[in-house]
Amino acid sequence: MTHQQLTANIRRKKSFLCIGLDVDLTKIPQHLLTTEDPIFEFNKAIIDATHDLAVAYKPNTAFYEAYGIKGWISLEKTIQYLNEKHPEIFTIADAKRGDIGNTSSMYAKAFLEDLAFDSVTVAPYMGKDSVEPFLAVKDKFTILLALTSNAGAFDFQTQTVDGKELYKKVIETSKTWKYSENLMYVVGATKAEYFTEIRKIVPDSFLLVPGVGAQGGSLAEVCKYGMAENIGLLINSSRGIIYASQQQDFAEKAREEALKIQLEMQQILFR
Ligand SMILES: O=c1ccn([C@@H]2O[C@H](COP(=O)(O)O)[C@@H](O)[C@H]2O)c(=O)[nH]1
């Protein structure tokens, strides 16, 4: 998928919502636990109920890796289901990888080729040679952690190094890397006041924005400071949507929550 196709999908669906598939077996409805693959059954029901309201889905791989081989199989079935049933939907493996070059190449192969996600999140801390193997994968995106939504983001990311905040240095430097056109960035919704500065460095790049819903970030504030000509935003909500109910009606309630966000997005897009 290209940037242009993603923007076209956003305009067509009047939505830049990304739904996070962070499946915790202690939080899903009891009746699913007796099925052969509760994680996949949960994801399938959520996807079936919400796919017209979202342009992207983001399984966080931690929630699958935590269940060993069974979790990995559920992840594989989920991405296969999305790719087969909804090929227009942008998929994100939220894996936050990055290592020395040859190891990063294997991570890139695992998430972008074998599992065939459209994108993967990557930590920038190990620098150019740790990120370029992801960028080299054709027609795929690397989503670099720039300014994260958690409180710990202030420990390093906003600290000044050689007269510049580290998160700005990360974004600026990443633009010099080979195939940097395949970059997107993670910027937390809880840091809305930083979007203006970030947009000065990357006016058109897509930003994956977690932190609305359960973490309290404001969609309106993010859009006010972060929306670009091409929209350029994918706003993620995970727990706020998928755990709207833990009863039989979980998928219906998830749809209701997704619809609330989509309607707010529609208003923002057309005002
Ligand atoms: O800065 C970051 C980077 C990633 N995340 C991930 O996004 C979701 C958010 O889930 P909610 O339930 O909507 O809070 C989750 O997978 C995080 O690991 C983030 O929150 N902040």
Side-chain angles (χ1 to χ4, degrees), residues 1-6 18 20-22 39 43 56-84 87-148 153 156-157 161 166-187 201-202 204-210 234 236:
M1 185 179 299
T2 63
H3 282 115
Q4 289 77 8
Q5 284 167 332
L6 185 52
C18 171
L21 299 172
D22 296 355
I39 297 180
N43 284 345
Y57 285 89
K58 181 182 80 61
N60 187 314
T61 59
F63 289 82
Y64 301 82
E65 292 171 78
Y67 298 110
I69 182 72
K70 280 190 175 167
W72 201 260
I73 290 169
S74 305
L75 179 65
E76 189 171 43
K77 280 162 74 177
T78 301
I79 183 64
Q80 278 172 359
Y81 187 73
L82 280 166
N83 283 343
E84 277 162 26
E88 81 292 355
I89 279 177
F90 188 72
T91 55
I92 302 164
D94 192 358
K96 300 183 184 70
R97 300 301 151 111
D99 205 317
I100 61 168
N102 64 321
T103 308
S104 276
S105 297
M106 288 302 188
Y107 279 138
K109 186 169 150 47
F111 291 106
L112 302 176
E113 291 174 13
D114 182 45
L115 288 175
F117 278 91
D118 291 313
S119 65
V120 60
T121 57
V122 171
Y125 197 68
M126 290 178 71
K128 175 184 160 96
D129 56 316
S130 75
V131 181
E132 280 186 345
F134 293 96
L135 292 172
V137 186
K138 215 167 163 264
D139 300 327
K140 302 281 178 170
F141 290 94
T142 300
I143 313 184
L144 203 63
L145 299 181
L147 184 60
T148 55
F156 302 121
Q157 297 164 25
V161 182
L166 188 57
Y167 76 93
K168 287 188 186 169
K169 234 183 157 92
V170 165
I171 302 173
E172 281 178 6
T173 305
S174 70
K175 286 173 69 179
T176 67
W177 295 340
K178 201 169 177 197
Y179 304 117
S180 62
E181 64 276 15
N182 295 336
L183 274 168
M184 296 182 179
Y185 300 90
V186 172
V187 183
I201 314 171
V202 280
D204 309 316
S205 296
F206 262 88
L207 307 179
L208 170 63
V209 186
L234 291 171
N236 180 84

(message) Using a 3.5 Å distance criterion without hydrogens, assess whether the side chain of Ser104 forms a donor-acceptor pair with backbone atoms of Asp99.
(response) yes
(message) Counting only heavy atoms from other residues, nucleotides and ligands, does the tally under 6.0 Å from OH of Tyr179 exceed 12?
(response) no
(request) Side-chain contact test, heavy atoms from C-beta onward, threshold under 4.5 Å: evaluate it for Val170 versus Gln157 and give yes or no. (result) no
(request) Check whether any side-chain heavy atom of Thr148 sits under 4.5 Å from a side-chain heavy atom of Lys96, and report yes or no. (result) no
(message) Within the structure provided, determine whether Met184 and Ile92 are in side-chain contact (heavy-atom separation under 4.5 Å).
(response) no
(request) Of all the heavy-atom pairs spanning Leu208 and Asn236, show the shortest one and how long it is. (result) CD1-CB, 4.3 Å
(request) Output yes when a side-chain donor or acceptor of Lys140 lies under 3.5 Å from a complementary backbone atom of Phe134, and no otherwise. (result) no
(request) Indicate whether the side chain of Thr142 and that of Asn182 have a donor and an acceptor atom separated by less than 3.5 Å. (result) no
(message) Within the 4.5 Å heavy-atom criterion, are Pro133 and Tyr107 side-chain neighbours or not?
(response) no
(message) By the definition side chain to side chain contact (heavy atoms under 4.5 Å, CB included), identify the one residue from Thr78, Ile79, Leu115, Leu21 that meets it with Thr91.
(response) Ile79
(request) Kindly say whether Ala116 contributes a backbone atom to a donor-acceptor pair with the side chain of Asn83 at under 3.5 angstrom? (result) yes
(request) For Thr121 and Ala95, indicate whether the former's side chain and the latter's backbone hold a donor-acceptor pair under 3.5 Å. (result) yes
(message) Could you report the tightest heavy-atom contact between Lys58 and Asp22, atom names first, then the distance?
(response) O-OD1, 3.8 Å
(message) Looking only at the side chains, is there a donor atom on one of Ser174 and Tyr185 sitting less than 3.5 Å from an acceptor on the other?
(response) yes
(message) Side chains of Tyr57 and Asn43, heavy atoms from C-beta outward: is any pair under 4.5 Å?
(response) no
(request) For residues Phe90 and Phe141, determine if any side-chain heavy atom of one lies less than 4.5 Å from a side-chain heavy atom of the other. (result) yes
(message) Less than 4.5 Å apart, side chain to side chain, heavy atoms only: is that true for Met126 and Ile100?
(response) yes
